[in-house]
Undergrad: 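Pasting a structure here, questions to come.
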Amino acid sequence: KFASERFGWTSYHTYEEYNEYLRTLVDRYPNTVTLLQGGTSYEGRQILGVRVSFSSSNLNRGVFLESLIHAREWITGAVTTYVLNELLTSTDPAVRRIAENHDWYVFPVFNPDGYVFTHTSNRMWRKTRVPYSGSCFGADPNRNWGHYWNSGGSSALPCSETYRGPRAFSEPSTRTMSEFITSISHRLVAYLSFHSYSQLLLIPYGYTAAYLDNYNVTYPLGLRAAQSLASRYGTQYTVGNIVEAIYVASGGSMDWVKGTYGTEIAYTYELRDTGRFGFILPAEQIIPTAVETLDSLVTILQYFQ
Ligand code: PAY
Ligand code: ZN
C-alpha cells in the first residue's frame, strides 16, 4: 500500500507515526522529498520534517509549515500532513501550481516531548517538558522565541501555561528549530504556523498592535484567504493582527521569523473549532478542516503567481 493510504487522515497519529510517514514519503518520492532533521527536543527526540521540491535547480521560493508547537492542538499536525500529501498527489491544477512553484518545508511536530506527553499522560498538555523550579515542567514554546521576547502576554512563572522560559530560546526545541530556519531563511517567502482552536487567521505581530511591515498587503490577502476557506463548507474565520484578534502574546515563532527575516507572507492559523470541542476536535473533522485550509493556502500563494 502507498504510504498515504496506510497513514490516512481518519484518525490522529502519534509522534512515531508522523516520523514513519515522513520516511515513507522519502522512499516513495526520492526525487521530490528530502528528509530533514530540523532540531532536537529536550528529551532527545528528533524534530523531523521534509522538503518537497519539484524543481531540480532548488531555486523555488520556500514555504514553511509549522504545526504542533503546542502539544494538545492535535488537528494542526493532521492538517499540515494532509496538505503535504496533497502537494505530492493532488491532480487539481490549482494545487499542482502551488505545489510545483514552491519549495515546501513541512515540520509536523515542532514540540515532540509535549506531543508524546499528550498521548501518554495528559491530553491537555501545551508546553515543552523541560523541568523547572517548583516541580513544574515546560515553557510555552510559543512564548520563547527571541523577537521582543518578554514583551507582554507571557508569564515569568514556571507553572504557568504561558511560561516564557528563563531566557529567549531556553528550550532546545525552539533554539534548534530557529537555527534550522536561519539556515534556510534566505529561501523563505512564507511562514505559516498552525494552532488551534478559534478559527482565526492571524497577522504579525503578537507583541504589538501596530500595523507593521506589509500589513496593508497581508490583511486584504488574509480576507481573501478566509473567503476561499469559507466557500468550501461555510466555516467562518476572523482575520486580524494577533493583539487585536486575541491578546498580546510575545515570543511567538511567527513574530521571530517575520521580525528577523522580513518573510513576506506570515500567518498563524487558529484552526477549528470555536470551542464546542476545542482541542479535542473529532477525527471526522480532520479531512474537512484540511480541505478548507488548503483552499485558503491556494489563495494565499496566488500572491506569488
Ligand atoms: O502567536 O499564535 C500566536 C499567539 C496566540 C496563540 C497562543 O496563545 O500561542 C493562541 C492560542 C493558541 O493556539 O495557543 C489559542 C488557544 C485556544 C489557547 O490555547 O489559548
Ligand atoms: Zn497554540
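Counting starts at 1 for both ligands and their atoms, in listed order. Index from 1, following the sequence.
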Undergrad: Considering only heavy atoms, which of Y197, F194, Y247, Y267 lies nearest to atom 11 (C) of ligand 1?
TA: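 Residue with the shortest heavy-atom distance to the ligand atom: Y247.
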
Undergrad: With respect to the Zn ion (ligand 2), what is the nearest N, O or S atom of H195?
TA: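 Closest to the Zn ion (ligand 2) among those atoms: ND1.
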
Undergrad: For ligand 1, indicate whether the residue R72 contacts it via side chain, backbone, both or neither (heavy-atom separation under 4.0 Å).
TA: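 Only the side chain of R72 comes within reach of ligand 1.
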
Undergrad: Under 3.5 Å between some N or O of ligand 1 and some N or O of D140?
TA: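 Not met; the criterion fails.
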
Undergrad: Please confirm whether E161 comes under 4.0 Å of ligand 1, counting heavy atoms of the residue only.
TA: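 Distance cut 4.0 Å: E161 fails for ligand 1.
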
Undergrad: Examine all N, O or S atoms of E270, backbone included, and report whether one is under 2.8 Å from the Zn ion (ligand 2).
TA: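 No, E270 does not qualify, because none of its backbone or side-chain N, O or S atoms lies under 2.8 Å.
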
Undergrad: Do L294 and V79 pass the side chain to side chain contact (heavy atoms under 4.5 Å, CB included) test, and can you show the C-alpha distance, the side-chain angles, and the key distance before you say yes or no?
TA: CA-CA 9 Å; L294 181 55; V79 164; over 6 Å; no

Undergrad: I242 heavy atoms, cut-off 4.0 Å: which ligand 1 atoms fall inside?
TA: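 Per the distance check, 1 (O).
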
Undergrad: Roughly how far apart are Q46 CD and L36 CG, rounded to 0.5 Å?
TA: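 The distance works out to 11.5 Å.
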
Undergrad: For E161, which of R143, K127, R72 qualifies under salt bridge (charged side-chain N to carboxylate O under 4.0 Å, His left out)?
TA: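 Among R143, K127, R72, the one that satisfies the salt bridge (charged side-chain N to carboxylate O under 4.0 Å, His left out) with E161 is R72.
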
Undergrad: Does the separation of the ring centres of F137 and Y132 fall below 6.0 angstrom?
TA: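 F137 vs Y132: aromatic centres not under 6.0 Å.
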
Undergrad: For H195, counting its heavy atoms only, list the atoms of ligand 1 lying under 4.0 Å from any of them.
TA: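 Here the atoms of ligand 1 in question are 12 (C), 13 (O), 14 (O).
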
Undergrad: So for ligand 1, is E270 a polar contact partner (N or O within less than 3.5 Å, distance only)?
TA: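 Yes - when backbone and side-chain N and O of E270 are compared with those of ligand 1, one distance drops under 3.5 Å.
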
Undergrad: Report the nearest protein non-hydrogen atom to atom 2 (O) of ligand 1: residue, atom name, distance rounded to 0.1 Å.
TA: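 Nearest neighbour among protein heavy atoms for atom 2 (O) of ligand 1, to 0.1 Å: T268 CG2, 3.4 Å.
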
Undergrad: With under 30° as parallel and over 60° as perpendicular, where do the rings of Y207 and Y148 fit, or are they tilted in between?
TA: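 Parallel: the ring planes of Y207 and Y148 meet at under 30°.
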
Undergrad: Are R175 and W145 in a cation-pi contact, defined as NZ or CZ under 6.0 Å from the six-membered ring centre and within 45° of the axis?
TA: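 No, R175 does not lie over the aromatic ring of W145.
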
Undergrad: Taking 4.0 Å as the limit for heavy-atom contacts, which would you say applies to D255 with ligand 1: side chain only, backbone only, both, or neither?
TA: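 The answer is neither; D255 stays 4.0 Å or more away.
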
Undergrad: Sort out for me which residue in V63, L87, V83 forms a side-chain contact (heavy atoms from CB on, under 4.5 Å) with L297.
TA: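 Per the side-chain contact (heavy atoms from CB on, under 4.5 Å) rule, the option paired with L297 is V83, out of V63, L87, V83.
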
Undergrad: Measure the distance from atom 1 (O) of ligand 1 to every protein heavy atom, then report the residue, atom name and distance (to 0.1 Å) of the closest one.
TA: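 In this structure, atom 1 (O) of ligand 1 has N142 ND2, 3.1 Å as its nearest protein heavy atom.
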
Undergrad: Y191 and Y261: aromatic ring centres closer than 6.0 Å?
TA: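 No - the distance between ring centres of Y191 and Y261 does not fall below the 6.0 Å cut-off.
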
Undergrad: Aromatic ring centroids of H102 and F54 under 6.0 Å?
TA: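 No, they do not, as the ring centres are separated by 6.0 Å or more.
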
Undergrad: Is the centre of the Y15 ring less than 6.0 Å from the centre of the H119 ring?
TA: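 No, too far apart.
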
Undergrad: Given S198, S196, A245, G252, which has its nearest heavy atom closest to atom 16 (C) of ligand 1?
TA: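 Going through S198, S196, A245, G252 one by one, S196 has the nearest heavy atom to atom 16 (C) of ligand 1.
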
Undergrad: Give the ring-plane orientation class for F7 versus W9, where under 30° counts as parallel, over 60° as perpendicular and anything between as tilted.
TA: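 Perpendicular, since the angle between the ring planes exceeds 60°.
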
Undergrad: Has H70 got any heavy atom lying under 4.0 angstrom from an atom of ligand 1?
TA: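 It does; at least one heavy atom falls under 4.0 Å.
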
Undergrad: Of all N, O or S atoms in H70, identify the one at the shortest distance from the Zn ion (ligand 2).
TA: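 The closest N, O or S atom of H70 to the Zn ion (ligand 2) is ND1.
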
Undergrad: Is it the side chain (CB and beyond), the backbone, both or neither of R126 that lies under 4.0 Å from ligand 1, heavy atoms counted?
TA: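 Under 4.0 Å from ligand 1, R126 contributes side-chain atoms alone.
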
Undergrad: Please identify which atoms of ligand 1 are closer than 4.0 Å to at least one heavy atom of E73.
TA: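 That gives atoms 12 (C), 13 (O), 14 (O) of ligand 1.
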
Undergrad: From the options T128, D140, D113, select the one residue that forms a side-chain contact (heavy atoms from CB on, under 4.5 Å) with E171.
TA: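 Single pass found, and it is T128.
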
Undergrad: Considering only protein heavy atoms, which is closest to atom 5 (C) of ligand 1, and at what distance to one decimal place?
TA: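 That would be I246 CD1, 3.4 Å.
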
Undergrad: Considering heavy atoms of the protein only, find what lies nearest to atom 9 (O) of ligand 1 and give residue, atom and distance to 0.1 Å.
TA: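 It is R143 NH1, 2.9 Å.
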
